[in-house]
Amino acid sequence: MKKKLVLMRHGQTVFNQRKRIQGWVDSPLTPLGIEQAKFSAAYINGLDFTIDHAFSSTSERACDTLELVTNLPYERKKGLKEWNFGILDGEPEYLNPPLDQYDSFFKANGGESRENLISRMNATLTDRNHDAGISAECSCCFSWRGHPEFSAILAS
């Protein structure tokens, strides 16, 4: 049976507003981020299916967003954390390299490569599909920051 999976990004944070690199470091939602989460809740409540399980990364920004979207109990998954940018986490965004240099740049600065990131997320999503307490028909909501590279994972 097919499962439905809703992926969403956290609302705007103080670091987003201040244009800081935000991977494994955390910052709180801004008032706009709270409103974005509430808007997402209204959208999700209008879907033609019901979300019956919820998961989040361990980042406070993701958990706070998810708690504004649903009253469901949820599981925090370390494997859903955003890209680890190493010593660049929390630094100004102007230090970001071009996208095609992320792999070597962040890995050389104590972070993880794109391959490690995709592998970690894929393992977490795959493990989630085999959790004993989740039926084959369930719908799930993850609250995390997505990257275009994950479209291949989600399609499989």
Side-chain angles (χ1 to χ4, degrees), residues 2-37 39-40 44 51 53-70 72-134 138-156:
K2 287 188 178 183
K3 297 179 184 183
K4 291 184 166 86
L5 177 63
V6 175
L7 298 175
M8 60 178 289
R9 185 184 190 275
H10 59 79
Q12 182 192 59
T13 68
V14 170
F15 272 22
N16 296 143
Q17 197 174 48
R18 294 182 181 168
K19 301 199 181 312
R20 295 285 190 179
I21 298 171
Q22 183 174 236
W24 282 20
V25 295
D26 213 353
S27 68
L29 297 177
T30 63
L32 174 60
I34 292 168
E35 290 306 310
Q36 290 169 332
F39 180 83
S40 296
I44 287 172
I51 293 174
H53 287 82
F55 300 86
S56 175
S57 84
T58 55
S59 297
E60 182 180 352
R61 61 188 183 261
C63 294
D64 288 350
T65 299
L66 185 59
E67 289 170 10
L68 289 165
V69 170
T70 181
L72 285 172
Y74 64 93
E75 210 177 317
R76 295 170 47 148
K77 299 278 192 177
K78 287 182 182 180
L80 295 177
K81 284 186 82 157
E82 191 172 336
W83 201 322
N84 179 353
F85 297 121
I87 63 170
L88 280 296
D89 254 333
E91 297 297 326
E93 285 182 357
Y94 68 77
L95 295 174
N96 268 332
L99 283 175
D100 64 343
Q101 296 175 20
Y102 267 41
D103 285 346
S104 58
F105 184 79
F106 291 117
K107 190 172 180 182
N109 286 287
E112 65 186 332
S113 69
R114 182 183 324 258
E115 182 179 314
N116 290 112
L117 170 68
I118 290 172
S119 177
R120 173 171 53 83
M121 292 264 184
N122 192 22
T124 302
L125 291 170
T126 302
D127 289 346
R128 195 247 346 130
N129 284 329
H130 299 291
D131 284 349
I134 300 177
C138 81
S139 303
C140 300
C141 176
F142 289 84
S143 182
W144 57 295
R145 180 175 180 177
H147 293 276
E149 293 85 2
F150 299 118
S151 58
I153 294 171
L154 301 175
S156 60

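Please read these numbers as outputs of a predicted model, since none were measured by experiment.
- To the nearest 0.5 Å, atoms CD (E82) and CG (D89) are separated by 8.0 Å.
- At a threshold of 4.5 Å between non-hydrogen side-chain atoms, the residues R9 and Q36 do not count as touching.
- Closest approach of N96 and F106 over heavy atoms only: OD1-CZ, 3.3 Å.
- Panel note: side chain T65, backbone G11; a donor-acceptor pair is recorded below 3.5 Å.
- Under the side-chain contact (heavy atoms from CB on, under 4.5 Å) criterion, E115 pairs with S113, sequence neighbours left out.
- Remark: L117 CG to K81 NZ distance equals 12.5 Å, nearest 0.5 Å.
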Pair I44-T70, side-chain contact (heavy atoms from CB on, under 4.5 Å): steps then yes or no | CA-CA 9 Å; I44 287 172; T70 181; over 6 Å; no

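- With a 4.5 Å cut-off on side-chain heavy atoms, S59 and H10 do not count as touching.
- Listed by chain and number, the residues in a ring pair (Phe, Tyr, Trp, His ring centres under 6.0 Å) with F15 amount to none (sequence neighbours excluded).
- Summarising the geometry of M8 relative to V69, their closest heavy-atom pair is CE-CG2, 3.6 Å, with the distance given to 0.1 Å.
- A distance of 7.0 Å separates CG in L29 from CG in L68, rounded to the nearest 0.5 Å.
- Note: L32 CG to Q12 CD = 4.5 Å, rounded to the nearest 0.5 Å.
- Scanning for side-chain contact (heavy atoms from CB on, under 4.5 Å) contacts around I87 gives N109, with sequence neighbours left out.
- A donor-acceptor contact shorter than 3.5 Å is absent between the side chain of W24 and the backbone of F85.
- Of the inter-residue distances, the one linking H53 atom NE2 with E75 atom CD reads 9.0 Å to the nearest 0.5 angstrom.
- Between F105 and L88, the closest side-chain pair of non-hydrogen atoms falls below 4.5 Å.
- In this structure, the side-chain contact (heavy atoms from CB on, under 4.5 Å) partners of Y74, at least two apart in sequence or on a different chain, are A54, S56, C63, L66, E67, R76.
- For the pair S57 and K77, the minimum side-chain heavy-atom distance is 4.5 Å or more.
- Applying the salt bridge (Lys or Arg N to Asp or Glu O under 4.0 Å) rule to pairs touching residues 25-37 yields D26-R61, E35-K38, sequence neighbours excluded.
- Here salt bridge (Lys or Arg N to Asp or Glu O under 4.0 Å) pairs that include residues 93-105, with residues two or more places apart or in two chains, are D103-R114.
- Once rounded to the nearest 0.5 Å, the distance linking CD of E91 with CZ of R20 reads 6.5 Å.
- Side-chain contact of T13 with N16: a donor-acceptor pair under 3.5 Å is present, judged by distance alone.
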